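By convention in this document, chain letters (A, B, ...) are assigned in the order of the sequence lines, proteins followed by strands, and residues within each chain are numbered from 1. The figures here come from the full heavy-atom set of this structure, side chains too, leaving out hydrogens, waters and symmetry mates. Predicted model, so just to flag it, every value in this text is computed and none were measured.
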There are 2 protein chains.
Amino acid sequence: MTHNRLNYIEILHAHGYRVTPQRLAVLDALCAAGGHTTSAEVLARARALDARIDRSTVYRSLDVLVKSGLALTAPGDNAGETRYEIVQESPHHHLRCSRCGTEHELSAASAGAFFRQVEREYGYRLTGDHLVLEGVCPECQKHTAGH
Amino acid sequence: MTHNRLNYIEILHAHGYRVTPQRLAVLDALCAAGGHTTSAEVLARARALDARIDRSTVYRSLDVLVKSGLALTAPGDNAGETRYEIVQESPHHHLRCSRCGTEHELSAASAGAFFRQVEREYGYRLTGDHLVLEGVCPECQKHTAGH
DNA sequence: TCTCTTGCTGCAACGAGTCGCAGGTGGGTG
DNA sequence: CACCCACCTGCGACTCGTTGCAGCAAGAGA
Ligand SMILES: [Mn+2]
Ligand SMILES: [Mn+2]
Ligand SMILES: [Zn+2]
Ligand SMILES: [Zn+2]
């Protein structure tokens, strides 16, 4: 089943990668997970599909999916942790509440004006299309204000 | 010598931490390094000051410095790598060129308008004051254009 | 369908970072 | 200045992610 929207076979081939059962298991695992997922969870889900799949193969497959544009990475909660996400239709960033951990998506368009201003001011053309911005969500602000 | 600007002893005490030779060695190492530094380099520099200091103590000390507000973290070049920096006078973000690796500082004020707009639009109050934004620097853009 | 080549996999070994524990030390109290 | 206890350190063991290698299989070509 894997991915119902993208032609992952063509995409992998177009990037010079072979289509293997292990890579499809990892792709399935990513799709099944939905949103951002830790590599530990991908490993567990992939093993449910193929009990013999090795840890290193899962990491290498995630890398292949990212390089092919089928998956995105995002920094995790704990510094040094990487999370993975099957690529979405529309590019987006994330807002993460540092108190309660919930996340909201931020359309890439919302950041566009800021990116353009940085380009005018510093000459840098910003390419990141999957930022995770830390903040305090409206709910948690209420709770603090309530004290 | 350690830090000539901040009263690190008061700050550590204020956060409930003790002042130990090991923590000062790590603080010294951070100051000596100047800008963003890898934990490996902090470990090496700290060992030059105290040959018996343990790896785990260096990591725990870096954690203490970050929690006390004396140090900042930033994601490193390789995903999963954390860099450290002694806290600066003025809060700032970073622009990193994904081609040549050079970095420029971006004053926190430059991002302020964007942060305020996100707050209006989504209710999130953004707190991150040490972002690392990926992009292509002016130099590298010229080189690409030249082809 | 068969062959051949190249890239992929599983394995084992390694390095970076984390954690529990027993002994040592900072610093508050008198 | 001496005592004491909570906190900290060094150590060892562990986990997570990476890498080199030998055997295996994807898929192009015939
Ligand atoms: Mn996302
Ligand atoms: Mn910085
Ligand atoms: Zn919240
Ligand atoms: Zn550059």
Legend entry - Integer-rounded Å distance: C:dG10 P and A:Arg23 CZ: 11 Å

Inset, instruction - Among D:dA25, D:dT9, C:dG10, find the nucleotide with the atom closest to the side chain of A:Arg18. - result: D:dA25

Inset, instruction - Whole angstrom is fine here: how far is it from CG in A:Leu24 over to P in D:dA25? - result: 16 Å

Inset, instruction - Determine, for A:Arg116 against A:Glu119, whether the closest basic-nitrogen to carboxylate-oxygen distance falls under 4.0 angstrom. - result: no

Legend entry - Proximity to DNA chain C (any heavy atom under 4.0 Å), residues of residues 59-68 of chain B only: B:Tyr59, B:Arg60

Legend entry - A:Arg96 (side chain) donor-acceptor with A:Val132 (main chain) under 3.5 angstrom: no

Inset, instruction - Mind telling me whether A:His92 and A:His94 have parallel, tilted or perpendicular rings, with 30° and 60° as the class edges? - result: perpendicular

Legend entry - B:Thr82 side-chain N/O to B:Gly80 backbone N/O, donor-acceptor pair under 3.5 Å: no

Inset, instruction - Could you verify whether a donor N or O on one side chain and an acceptor N or O on the other, from A:His104 and B:Tyr122, lie under 3.5 Å apart? - result: no

Legend entry - Rounded interatomic separation in angstrom, taking NE2 from A:His15 and C1' from C:dC8: 18 Å

Inset, instruction - Mind calculating the distance between CG (A:Asn78) and C1' (C:dC19) to the nearest angstrom? - result: 14 Å

Legend entry - Spacing between A:Arg47 atom CZ and C:dT9 atom P, to the nearest angstrom: 14 Å

Inset, instruction - Would you tell me if any nitrogen or oxygen in the side chain of A:Gln22 comes within less than 4.0 Å of OP1 or OP2 on D:dA25? - result: no

Legend entry - Sugar-phosphate only, base, or nothing, as touched by B:Thr20 at under 4.0 Å among non-hydrogen atoms: sugar-phosphate

Inset, instruction - For B:Asn7 and B:Glu10, indicate whether the former's side chain and the latter's backbone hold a donor-acceptor pair under 3.5 Å. - result: yes

Inset, instruction - Would you kindly give the CZ-to-C1' distance between A:Arg52 and C:dT9, to the nearest whole Å? - result: 13 Å

Legend entry - Polar side-chain atom of A:Gln141 near backbone of B:Gly123 as donor-acceptor pair, under 3.5 Å: yes

Inset, instruction - Report the distance from atom OH of B:Tyr17 to atom C1' of C:dG26, rounded to the nearest whole Å. - result: 16 Å

Legend entry - Any A:Ser56 side-chain nitrogen or oxygen under 4.0 Å from OP1 or OP2 of C:dG10: no

Legend entry - hbond_proxy A:Ser39 side chain to D:dC16 base (donor-acceptor, 3.5 Å cutoff): no

Inset, instruction - For A:Ile53 and for B:Asp54, find the nucleotide of DNA chain C with the closest heavy atom, then tell me which residue's nucleotide is more 5'. - result: A:Ile53

Inset, instruction - Would you mind classifying the nucleic acid contact of A:Arg55 as base, sugar-phosphate or nothing, using non-hydrogen atoms under 4.0 angstrom? - result: base

